[in-house]
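The shown structure was predicted, so the numbers you read here are calculated from the model rather than taken from an experiment. Numbering of ligands and ligand atoms starts at 1, following listing order. Side chains included, hydrogens not; waters and symmetry mates left out as well; all remaining heavy atoms used.
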Amino acid sequence: MPRLRHYLAAQAFFVFLLFSSIASAAIVEHVFHVKNVLVKPLCKDQMIPAVNGSLPGPTINVREGDTLVVNVINNSTYNITIHWHGVFQRKSSWMDGADMITQCAIQPSNNFTYRFEITGQEGTLLWHAHTTNLRATLHGALIIRPRSGGPYPFLKPYKEVLLIFEQWWDMDVGLIATRPAPVSDAYLINGLAGDSYPCSKNRMFNLKVIQGKTYLLRIINAALNKHLFFKIANHNVTVVAVDAVYTTPYVSDVMMLTPGQTIDALLTADQPIGSYFMSISPYNSANQGSSVPPNTTTRGLVIYAGATSASPVVTPSMPGMDDESTAHRFSSNITGLVGGPHWTPVPRHVDEKMFMTIGLGLELCLHPDNTKHCLVGGEQQLSGSLNNYSFVLPKTISLQEAHFYNVTGVYTSDFPNEPPLKFDYANFRAHNDSEGKMMYPERKTSVKTLRFNSTVEIVLQNTKIVTSESHPMHLHGFNFYVLGYGFGNYDPIRDERKLNLVNPQMHNTVGVPSGGWVVLRFIADNPGTWMFHCHMDVHLPFGMIMAFIVQNGPTPETSLPPPPSNLPQCTRDPTLSESPKTSVDLSY
Ligand SMILES: *[C@@H]1O[C@H](CO)[C@@H](O)[C@H](O)[C@H]1NC(C)=O
Ligand SMILES: *[C@@H]1O[C@H](CO)[C@@H](O)[C@H](O)[C@H]1NC(C)=O
Ligand SMILES: *[C@@H]1O[C@H](CO)[C@@H](O)[C@H](O)[C@H]1NC(C)=O
Ligand SMILES: *[C@@H]1O[C@H](CO)[C@@H](O)[C@H](O)[C@H]1NC(C)=O
Ligand SMILES: *[C@@H]1O[C@H](CO)[C@@H](O)[C@H](O)[C@H]1NC(C)=O
Ligand SMILES: *[C@@H]1O[C@H](CO)[C@@H](O)[C@H](O)[C@H]1NC(C)=O
Ligand SMILES: *[C@@H]1O[C@H](CO)[C@@H](O)[C@H](O)[C@H]1NC(C)=O
Ligand SMILES: *[C@@H]1O[C@H](CO)[C@@H](O)[C@H](O)[C@H]1NC(C)=O
Ligand SMILES: *[C@@H]1O[C@H](CO)[C@@H](O)[C@H](O)[C@H]1NC(C)=O
Ligand SMILES: *[C@@H]1O[C@H](CO)[C@@H](O)[C@H](O)[C@H]1NC(C)=O
Ligand SMILES: *[C@@H]1O[C@H](CO)[C@@H](O)[C@H](O)[C@H]1NC(C)=O
Ligand SMILES: CC(=O)N[C@H]1CO[C@H](CO)[C@@H](O)[C@@H]1O
Ligand SMILES: [Cu+2]
């Protein structure tokens with residue numbers, strides 16, 4: 001009898017859940033006015049494109065299951081798209097906002113309405129422009145809370161706090177793309193440079209806390225090109241989600257986020273009443289050439305209620321810029337929350353095994369057709385390579401429209417499952433005749449076609465062709481399991497045995513360690529055209545990109561619908577050259 005009652009109660013609860021979830025699936029509508037505005041984070045006024053005039057842009061709040069509708073009105077002088085970074089876009093690949101991959105840009109004086117459902121994920125994500133380097137100023141938070149006000153899989157925080165880290169150049173945003181790339185002038189916390197810089201001493205991010213309370217920090221690294229360490233003096237945090245996937249609670253005194261990554265972490269105000277600085281500082285995995293702003297730390301303040309001028313003021317000691325072991329310890333120790341909301345077990349059977357070398361090679365500028373890509377006088381420039389291919393964006397039609405309408409000549413479906421040469425990846429020898437052939441990758445628009453619902457495993461092997469650094473690789477349309485991280489060359493026997501198939505972390509963006517590797521797995525169950533690229537913006541024009549085309553499934557429900565009728569079209573002159581690229585210069 002008690003069992004039956006239990007069953008009935010469970011049934012009633014289930015029916016309640018069903019109704020409340022139907023009732024709660026809302027349509028959330030927003031307007032984004034993109035326009036050029038003046039801002040002044042440091043000492044001078046600077047014109048930037050911004051959404052609704054603010055840096056960072058407006059926060060979007062939804063519940064899992066909602067439909068988000070955003071009309072982007074382009075009243076700026078730039079071509080733009082908006083990418084919903086980390087959103088699965090199930091059957092809505094057209095709404096991914098990847099310039100020349102899923103759409104042509106929204107041109108000045110035009111508008112486009114993005115409309116998509118957000119299901120199967122909860123936590124903190126971001127939206128940002130996906131054209132040239134405009135995400136430097138066009139970005140903001142996308143917060144996905146559980147349906148129907150449902151609980152988090154951790155103790156309810158007293159308050160939620162958004163922390164957006166940004167990289168700031170005190171110049172026209174268009175100039176950031178000029179080569180050699182200028183060094184950035186500051187990092188910002190929620191648009192504020194704080195007391196590390198002469199004109200912003202009184203404009204510092206302040207978080208007021210009450211002793212004993214717990215706060216949920218929603219942290220976004222929106223920096224264009226920098227991995228960042230983050231620390232709060234005398235406080236540990238408990239990481240509960242990364243990239244909008246719940247994790248096993250993980251306690252740490254320091255965090256590291258690559259560009260594009262997000263972290264949800266609990267902060268308990270458990271210290272003596274006082275003021276505690278929070279700091280962000282760059283993690284520079286590149287061991288050569290890369291320069292950073294003169295003052296590399298930006299601070300904010302955690303102030304306890306009741307703090308007086310007599311209370312302690314504590315500053316955190318930050319890891320060194322090249323502290324790889326701290327970065328690696330933090331990144332590699334996080335695990336997925338098995339059994340938590342939206343958790344699915346790791347698929348054991350792999351249909352498609354790929355081994356991808358990733359790194360920076362060179363491109364010769366000597367060919368007459370290529371001279372226009374290089375700096376005047378430059379003989380060669382950097383070239384991003386994935387299995388010896390360097391991606392070239394289509395110029396007249398998006399990849400996905402070419403795919404959908406069977407337009408030939410836009411791309412080839414020959415992206416290889418392996419590099420053309422196996423070598424000692426972490427110790428590249430340019431003078432070796434065979435290895436030298438990995439130095440100058442082929443520039444082309446090459447995609448990998450995936451059967452619907454196939455399980456894909458990718459070993460991403462970082463190479464040291466010209467230089468080596470951590471590349472944060474970002475996959476559109478999916479989260480992937482990160483089964484393992486390591487240094488040196490991936491060993492299919494020794495390393496495969498150590499992969500975590502039980503509770504791996506999941507991400508949409510993962511830093512591939514300098515001179516090391518990661519192993520990813522995902523299920524290609526979302527038809528469409530999906531970019532896979534380095535999320536350091538400076539490496540995009542170098543071609544550190546590839547794309548997957550996931551084929552349709554057997555039914556209309558598993559097929560990509562046609563594009564919306566008002567999808568922006570290109571009117572670009574196909575003979576126009578692409579944006580200029582650099583000679584070998586590693587500063588950003
Ligand atoms: C942006 O500004 C417009 C008015 O210019 C307003 O209607 C809209 O709600 C704002 N959007 C957001 C997301 O705040
Ligand atoms: C668009 O910008 C122009 C100036 O370039 C301004 O006059 C106009 O009011 C703006 N319109 C909107 C809708 O923001
Ligand atoms: C958006 O663009 C369409 C044309 O594609 C135009 O008819 C409409 O007025 C525009 N809406 C806004 C709000 O600018
Ligand atoms: C950098 O900022 C910190 C914090 O404000 C300050 O203590 C330090 O003197 C600054 N260093 C330089 C080189 O400006
Ligand atoms: C932070 O956590 C570490 C390890 O769990 C512990 O040793 C340390 O005392 C904690 N620090 C604070 C300020 O709670
Ligand atoms: C984290 O990873 C490192 C290896 O990078 C390991 O030595 C350490 O024990 C792990 N655990 C914690 C809690 O840091
Ligand atoms: C493209 O080709 C496929 C197979 O060849 C066909 O099924 C489909 O209808 C074609 N699509 C268009 C828009 O022509
Ligand atoms: C050149 O590199 C290839 C591939 O790594 C290797 O097999 C070969 O032994 C190398 N040759 C020399 C002379 O080192
Ligand atoms: C890589 O691509 C370049 C350019 O097409 C080619 O010359 C080179 O031989 C390729 N490397 C290998 C190892 O096949
Ligand atoms: C995808 O494959 C899994 C197992 O391989 C199967 O259970 C599932 O039904 C498939 N999904 C679709 C939509 O075909
Ligand atoms: C915007 O894109 C169009 C083609 O799609 C091109 O003709 C135009 O020059 C671009 N404008 C800017 C400001 O980049
Ligand atoms: C900079 C820009 O694109 N300005 C245009 C914005 O849209 C209005 C009409 O809504 C035009 O008049 C502006 O020229
Ligand atoms: Cu990169």
Under-4.0 Å heavy-atom contact between protein and atom 10 (C) of ligand 7: yes

Classify the angle between the aromatic ring planes of Phe32 and Trp127 as parallel (below 30°), tilted (30 to 60°) or perpendicular (above 60°). tilted

Just to be sure I'm reading this right: ignoring hydrogens, which of Ile60, Asn52, Asn75, Val51 gets closest to atom 1 (C) of ligand 1? Compare them by their nearest heavy atoms. Asn52

List the closest protein heavy-atom neighbour of atom 14 (O) of ligand 9: residue, atom name, distance to the nearest 0.1 Å. Pro420 CB, 3.4 Å

Min over Lys35, His33, His30 of heavy-atom distance to atom 5 (O) of ligand 1 lands on His33

Residue, atom name and distance, where the atom is the protein heavy atom closest to atom 3 (C) of ligand 9: Tyr440 O, 3.2 Å

In terms of atom number and element, which parts of ligand 9 are under 4.0 angstrom from non-hydrogen atoms of Met438? 13 (C)

For Arg203, does the CZ atom sit with more than 12 other heavy atoms under 6.0 Å from it, leaving out its own atoms? yes

Scan the protein's non-hydrogen atoms and note whether one is under 4.0 Å from atom 7 (O) of ligand 9. no

With no hydrogens and no angle check, is any side-chain donor or acceptor of Trp517 less than 3.5 Å from a backbone partner on Pro513? no

Would you call Arg218 and Asp264 a salt bridge, taking side-chain N to carboxylate O under 4.0 Å as the test? yes

Which word best sums up how the rings of His535 and His85 line up, parallel for under 30°, tilted for 30 to 60°, or perpendicular for over 60°? perpendicular

Can you report which non-hydrogen protein atom sits closest to atom 13 (C) of ligand 7, along with the distance? Phe404 O, 3.4 Å

Within the structure, does Asn388 bring an N/O atom to less than 3.5 angstrom of an N/O atom in ligand 9? yes

Determine the interplanar angle of the Phe415 and Tyr389 rings, folded into 0 to 90°, and report it as parallel if under 30°, tilted if 30 to 60°, perpendicular if over 60°. perpendicular

Residues Glu166, Arg135; criterion salt bridge (charged side-chain N to carboxylate O under 4.0 Å, His left out); working and verdict: CA-CA 10 Å; Glu166 302 156 294; Arg135 77 174 156 91; over 6 Å; no

Does ligand 7 come near enough to Asn406 that some N or O of the ligand is less than 3.5 Å from an N or O of the residue? yes

Lys91 with Glu557: basic N within carboxylate O range, under 4.0 Å: no

I want to know if ligand 1 touches Val31 in the polar sense, i.e. an N/O pair below 3.5 angstrom. yes

